[in-house]
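Just so we're clear, the structure is a prediction, and the values are computed from it rather than from any experiment. Labels below follow one simple rule: chain letters A, B, ... track the order of the sequence lines, proteins then strands, and each chain is numbered from 1.
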2 protein chains.
Amino acid sequence: MDDPRKDRSDGKVQYGPLSEALGFLLRLGQLKSFAGFFRSFEAEDIRPGELTVLMVLHENPGIRQGMLAKALSIKRAHMTKMVRQMEDEGLILRRVPEDDKRAMELWLTEAGEARVAVLAPILAEHESGGAAGLSVTETAELKRLLRKMLNIRNGASG
Amino acid sequence: MDDPRKDRSDGKVQYGPLSEALGFLLRLGQLKSFAGFFRSFEAEDIRPGELTVLMVLHENPGIRQGMLAKALSIKRAHMTKMVRQMEDEGLILRRVPEDDKRAMELWLTEAGEARVAVLAPILAEHESGGAAGLSVTETAELKRLLRKMLNIRNGASG
DNA sequence: TCGTTATTGTTTCCCAGTAGACAATTTTTT
DNA sequence: AAAAAATTGTCTACTGGGAAACAATAACGA
């Protein structure tokens, strides 16, 4: 049992260099985090992407569709489908601005704002504790490093 | 300009509570990290999932297909497609073990091991520096926190 | 031992998301 | 002013990946 690579008796897997691969760790972390998301929002029939669109629209009323897509790293083609469906659901208003007839400005409807009012507290509650396996302090540090990596400033506590 | 929500003049987007949402940050981080991956492995025609399969097979020869899927958080249905393709490419050997005729043991072929020998140094080089926007120390701390969150021990430095 | 339940990989069908081309505009260049 | 280039949203076609049902086998219980 000198070589741990041969000890698979307990069903544990050796990750080797992957345990140092940031992309791999981020992918697993995201999957784990999303599982928690669906648990917290179980009663609300919403998906992560929709929530992010609603939140950003709430913070940036009238934002251009392309800028929204860029901010969320969602491809424009997919964003089109997404916001159109949300428009059909009555959550979003889409309008062509006067000064640029190619573009599309997005606004939350009353129903959209109401939806945000319901979802935001659930999100806050969901994020209040530490991530599974981490203390609150460690979770805060993890978020801080991710924000720095992404060049996103913390706009929640300010 | 008292309310930053109305200052979109510079094209910046207000993330609001999302800047505190771990799942959102992890998703953006993963996308950014994967972009770096494809840059580093540009010449090798490989995708992240395939690389992880190769690395885990190298570390755990003869592992069961289902356990591999679980370790990488890839659904069994998808893993089937993946490993079959890699089998067709001559990288993987699949064998039904004597003691369980439902199962499938996976091994790297000579070509598979050769592929690992080529890819591993590229991965090491790719991971050696800090992530974009972070120092080496900060990157190491980020990885450490992710490993703790995922309950993965660091098997690369040991 | 026989019937029931759980596991393992596979198949089929479906959906989220992407790539690339496109039309309509706007911006820039000459 | 005209032409060329860039931007913006959309469309079509494609791919990665998941859900659910399935067959084969193994494990378990009466």
Side-chain angles (χ1 to χ4, degrees), chain A residues 8 11 13 23-24 27-28 30-32 34-35 37-38 41-42 45-53 57 62-89 92-107, chain B residues 8 11 13 23-24 26-28 30-32 34-35 37-38 42 45-53 57 62-89 92-107:
Chain A
R8 287 179 287 106
V13 173
F24 175 68
R27 175 176 166 274
L28 290 192
Q30 194 209 348
L31 290 176
K32 180 164 188 171
F34 273 35
F37 174 93
F38 285 111
F41 288 86
E42 195 175 16
D45 184 35
I46 192 161
R47 270 150 316 146
E50 295 171 358
L51 178 63
T52 58
V53 167
L57 253 53
I63 190 176
R64 296 268 181 95
Q65 192 171 305
M67 186 166 299
L68 174 64
K70 187 180 173 188
L72 299 179
S73 289
I74 293 173
K75 292 288 172 288
R76 283 177 307 164
H78 182 44
M79 183 58 78
T80 295
K81 302 177 192 176
M82 216 165 162
V83 293
R84 274 193 176 166
Q85 181 184 337
M86 295 174 78
E87 186 184 31
D88 290 343
E89 294 169 354
I92 287 181
L93 185 84
R94 306 197 320 139
R95 198 186 64 173
V96 175
E98 289 294 331
D99 59 318
D100 190 342
K101 294 180 180 174
R102 301 166 301 178
M104 200 62 94
E105 285 178 354
L106 304 182
W107 313 75
Chain B
R8 287 178 287 107
V13 173
F24 175 68
L26 287 170
R27 175 176 165 274
L28 291 191
Q30 193 210 345
L31 289 176
K32 179 164 189 171
F34 274 35
F37 175 93
F38 285 111
E42 196 174 18
D45 183 38
I46 191 161
R47 270 149 318 143
E50 294 170 359
L51 177 63
T52 57
V53 166
L57 253 53
I63 190 177
R64 294 271 180 95
Q65 193 170 306
M67 187 167 297
L68 174 64
K70 187 180 174 187
L72 298 179
S73 289
I74 294 173
K75 291 290 173 286
R76 284 175 307 164
H78 183 43
M79 182 59 77
T80 294
K81 303 175 191 175
M82 214 166 167
V83 294
R84 273 196 177 165
Q85 180 183 338
M86 296 175 78
E87 185 184 31
D88 291 344
E89 294 169 355
I92 286 181
L93 185 84
R94 306 197 320 139
R95 199 187 62 173
V96 175
E98 290 294 332
D99 59 317
D100 190 341
K101 294 180 180 174
R102 300 167 302 180
M104 200 62 93
E105 286 178 353
L106 305 181
W107 313 74

Test side chain to side chain contact (heavy atoms under 4.5 Å, CB included) on B:Val53 and B:Leu106 and set out the steps. CA-CA 10 Å; B:Val53 166; B:Leu106 305 181; 5.8 Å; no
Under the side chain to side chain contact (heavy atoms under 4.5 Å, CB included) criterion, do A:Arg47 and A:Phe37 qualify, and how do the steps go? CA-CA 9 Å; A:Arg47 270 150 316 146; A:Phe37 174 93; 5.5 Å; no
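Atom CZ in A:Arg95 sits 11.0 Å away from atom CE in A:Met104 (nearest 0.5 Å). Between the CG atom of B:Leu31 and the CD atom of A:Gln30 there is a distance of 7.5 Å, given to the nearest 0.5 Å.
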Could you give the side-chain donor-acceptor pairs of residues 65-80 of chain A under 3.5 Å, partners two or more places apart or in another chain?
from    : atom 1 : to      : atom 2 : distance (Å)
A:Gln65 : OE1    : A:Arg94 : NH1    : 2.7
A:Gln65 : NE2    : A:Thr80 : OG1    : 3.3
A:Thr80 : OG1    : A:Arg76 : O      : 3.1

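Backbone-only engagement by A:Ala103 is indicated by non-hydrogen atom pairs under 4.0 Å involving sugar-phosphate atoms exclusively.
Between A:Lys70 atom NZ and D:dT7 atom C1' the separation is 12 Å, expressed in whole Å. Atom P of nucleotide D:dA27 and atom CG of B:Asp100 are separated by 6 Å, given to the nearest angstrom. Look at CZ on B:Arg27: it is 7 Å from P on C:dT18, rounded to the nearest Å. Atom NE2 of B:His78 is separated from atom C1' of C:dT12 by 16 Å (rounded to the nearest Å). If you take CD of B:Gln65 and C1' of C:dG9, they are 6 Å apart, rounded to a whole angstrom. A straight line from NZ of A:Lys75 to P of C:dG20 spans 11 Å, rounded to a whole angstrom. Taking atom CD1 of A:Ile63 as the reference point, atom P of D:dT8 lies 12 Å away to the nearest angstrom.
Taking 4.0 angstrom as the limit, A:Arg47 places none of its side-chain polar atoms (N or O) nearer than this to OP1 or OP2 of D:dG18. Residue A:Thr80 places at least one side-chain N or O under 4.0 Å from the OP1 or OP2 atom of D:dT10.
Residue side chain B:Arg76 reaches the base of C:dG9 through a donor-acceptor N/O pair under 3.5 Å, judged by distance alone.
Applying the salt bridge (charged side-chain N to carboxylate O under 4.0 Å, His left out) test to B:Arg84 and every residue at least two apart in sequence or in another chain returns nothing.
Two residues, A:Ser73 and B:Ala77, neighbour DNA chain C, and the one matched to the more 5' nucleotide by heavy-atom proximity is B:Ala77. Comparing B:Glu98 and A:Met104 by the nucleotide of DNA chain D whose heavy atom lies nearest to each, the residue mapping closer to the 5' end is A:Met104.
Among D:dT25, D:dG18, D:dG9, the nucleotide with an atom closest to any side-chain atom of B:Lys101 is D:dT25.
A heavy atom lying under 4.0 Å from DNA chain D marks the following residues of residues 81-89 of chain A, by number: A:Lys81, A:Arg84.
Surrounding CG of A:Asp88 are more than 12 heavy atoms belonging to other residues, nucleotides or ligands, all under 6.0 Å away.
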